[in-house]
Participant: 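What follows is a structure written as structure tokens; I'll ask about it next.
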Amino acid sequence: AMLRLRLLTWDVKDTLLRLRQPVGQSYSAEAQAHGLRVQPQALSEAFREAYGAQSRRFPNYGQGQGLSSRQWWLDVVQQTFRLAGVHEDGVLALMAENLYRDFCSARNWELLPGAAETLSRCCQRGLHMGVVSNFDNRLEDILAQCDLRRHFEFVLTSEAAGFAKPDRRIFEEALRLGGVLPEQAAHIGDDYARDYRAAREVGMHSFLLRTAGQGGHPEVPPGHVLPTLSHLLALIEK
């Protein structure tokens, strides 16, 4: 029987949109614009370290700790360059501002295969749709720039919600915004714990997008796995 779905909620990063190039390449190009030579690989590693440390110290962009997500990101960018050996405060501040702004634009993001067509077809079938993403408040702009915003009735970020996936409260808020019961909704994402399992735990249906090279999860039935986004409609309409 066709699932009686009324609402689809979507993760964004690596589900609908992905970065066009590794973070280290974007940071290296920005450094080069200021006459600094820093290797992309060194910056990628430094970014992972800076992002990880900041996430542990100030979870969910410092929500509840008096930090704005903008300041949170400016600190991550500056710390990334420091770890890679750049220490002039003036140029650090400038590069951080530029990169914070650049990651809002479609220049840095591309759609995953099947994303635009799948969203359009879901809308045509009368499904209501929303976004549930561990993202900061730039997400509205990014979705608009990539011509995806129009598909969604709401965009719920962890910054706005005050809770990050896998916290059940962000999914409960999405269900409230969509005005549906959990069994009338399905979540689509690429992360087993934050997307697939977390949505199931509030009673939603869930589909796991598994990009090539990702290991399988024995706990996920084959009928819940999407090799590509284009497989979604067939599974929903079964």
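As the structure is a prediction and not an experimental result, all values here were calculated from the model. Side chains included, hydrogens not; waters and symmetry mates left out as well; all remaining heavy atoms used.
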Participant: Any idea which heavy atoms bring A106 and Q145 closest together, and the distance?
Facilitator: N-OE1, 3.3 Å
Participant: Do I170 and V155 land in one hydrophobic cluster if side-chain heavy atoms of ILVMFWY residues count as linked below 4.5 Å?
Facilitator: no
Participant: List the steps, then state whether side-chain contact (heavy atoms from CB on, under 4.5 Å) holds for I188 with H205.
Facilitator: CA-CA 9 Å; I188 299 102; H205 299 275; over 6 Å; no
Participant: Hey, quick one: are V131 and F154 part of the same hydrophobic cluster, counting side-chain heavy atoms closer than 4.5 Å, chains of contacts allowed?
Facilitator: no
Participant: Using side-chain heavy atoms (C-beta onward) and a distance below 4.5 Å, is Q65 in contact with P59?
Facilitator: yes
Participant: Considering only heavy atoms from C-beta outward, does the side chain of L209 approach that of L232 to under 4.5 Å?
Facilitator: no
Participant: So do the side chains of N98 and H34 get within less than 4.5 Å of each other, counting heavy atoms only?
Facilitator: yes
Participant: Determine the minimum heavy-atom distance between C123 and M129, stating which atoms define it.
Facilitator: SG-CE, 3.4 Å
Participant: Can you confirm whether E30 sits close enough to V77 that some side-chain heavy atom of one is under 4.5 Å from a side-chain heavy atom of the other?
Facilitator: no
Participant: What about L92 and Y100, same hydrophobic cluster or not, with Ile/Leu/Val/Met/Phe/Trp/Tyr joined at side-chain heavy-atom distances under 4.5 Å?
Facilitator: yes
Participant: Mind listing the closest non-hydrogen atom pair of E201 and R168 along with its distance?
Facilitator: O-NH1, 3.5 Å
Participant: How far does OG1 of T9 sit from CD of E153, to the nearest 0.5 angstrom?
Facilitator: 12.5 Å
Participant: Is there a continuous path of hydrophobic side-chain contacts, each under 4.5 Å between heavy atoms, that joins V76 to V23?
Facilitator: yes
Participant: Could you pull out every donor-acceptor pair under 3.5 Å between side chains of residues 173-182 and any protein atom, sequence neighbours left out?
Facilitator:
residue: E173; atom: OE1; partner: R176; partner atom: NE; Å: 3.0
residue: E173; atom: OE1; partner: R176; partner atom: NH2; Å: 3.4
residue: E173; atom: OE2; partner: R176; partner atom: NH2; Å: 2.8

Participant: Can any side-chain N or O of Q184 pair as donor or acceptor with the backbone N or O of R6 at less than 3.5 Å?
Facilitator: no
Participant: Is there a salt bridge (charged side-chain N to carboxylate O under 4.0 Å, His left out) between E97 and R70? Walk through the geometry before answering.
Facilitator: CA-CA 9 Å; E97 290 285 352; R70 182 173 168 279; 2.6 Å; yes
Participant: Under the 3.5 angstrom rule, does the side chain of N60 hit a backbone N or O of S158 as a donor-acceptor pair?
Facilitator: yes
Participant: Would you sort out whether L112 and L16 count as a side-chain contact (heavy atoms from CB on, under 4.5 Å), showing the intermediate values?
Facilitator: CA-CA 5 Å; L112 266 81; L16 293 171; 5.9 Å; no
Participant: Would you mind telling me which of R18, R194, K165 makes a salt bridge (charged side-chain N to carboxylate O under 4.0 Å, His left out) with D11?
Facilitator: K165
Participant: Look at the side-chain heavy atoms of Ile, Leu, Val, Met, Phe, Trp and Tyr, link any pair under 4.5 Å apart, and say whether L119 and L156 land in one connected group.
Facilitator: no
Participant: Consider only side-chain N and O atoms of W72 and D136, and report whether a donor and an acceptor are under 3.5 Å apart.
Facilitator: no
Participant: If I compare all heavy atoms of A186 with all of M204, which pair ends up nearest, and what's the gap?
Facilitator: C-CE, 4.0 Å
Participant: Does atom CZ of R20 have more than 12 heavy-atom neighbours, drawn from other residues, nucleotides or ligands, at distances under 6.0 Å?
Facilitator: yes
Participant: For the side chain of S28 and the backbone of G24, is there at least one donor-acceptor N/O pair under 3.5 Å apart?
Facilitator: no
Participant: Heavy-atom distance under 4.5 Å between the side chains of S230 and E117, does that happen here?
Facilitator: yes
Participant: Just by distance, with hydrogens left out, do Q71 and D75 show a side-chain donor and acceptor under 3.5 Å apart?
Facilitator: yes
Participant: Answer whether the closest heavy-atom distance between the side chains of H151 and S120 falls below 4.5 Å.
Facilitator: yes
Participant: Main chain of D102, side chain of N108: is a donor-acceptor contact present, judged purely on distance under 3.5 Å?
Facilitator: yes
Participant: Can you label the angle between the Y27 ring and the F103 ring as parallel, tilted or perpendicular, going by 30° and 60°?
Facilitator: perpendicular
Participant: Counting neighbours of CD on E183 that are heavy atoms of other residues, nucleotides or ligands and sit closer than 6.0 Å, is the number greater than 12?
Facilitator: yes
Participant: Hey, would you say the F207 and W10 ring centroids sit under 6.0 Å apart?
Facilitator: no
Participant: Would you indicate whether E219, at its atom CD, is surrounded by more than 12 heavy atoms from other residues, nucleotides or ligands within a distance under 6.0 Å?
Facilitator: yes
Participant: Does some side-chain heavy atom of D195 sit less than 4.5 Å from a side-chain heavy atom of D190?
Facilitator: yes
Participant: On a heavy-atom basis, which atom in L5 and which in L127 lie closest, and how many Å separate them?
Facilitator: O-CD2, 3.4 Å
Participant: Any chance you could lay out the side-chain contact (heavy atoms from CB on, under 4.5 Å) test for K13 and W109, step after step, and finish with the verdict?
Facilitator: CA-CA 9 Å; K13 187 174 183 294; W109 299 92; 4.2 Å; yes
Participant: Please name the pair of heavy atoms, one in Q21 and one in S26, separated by the smallest distance, quoted to 0.1 Å.
Facilitator: NE2-OG, 2.9 Å
Participant: side-chain contact (heavy atoms from CB on, under 4.5 Å) between I236 and L8: does it pass, once the steps are laid out?
Facilitator: CA-CA 10 Å; I236 287 178; L8 297 181; 3.9 Å; yes
Participant: Is the shortest side-chain heavy-atom distance between R197 and Y192 below 4.5 Å?
Facilitator: yes
Participant: Looking only at atom types and distance, does a side-chain atom of R149 sit under 3.5 Å from a main-chain N or O of F152, one as donor and one as acceptor?
Facilitator: yes
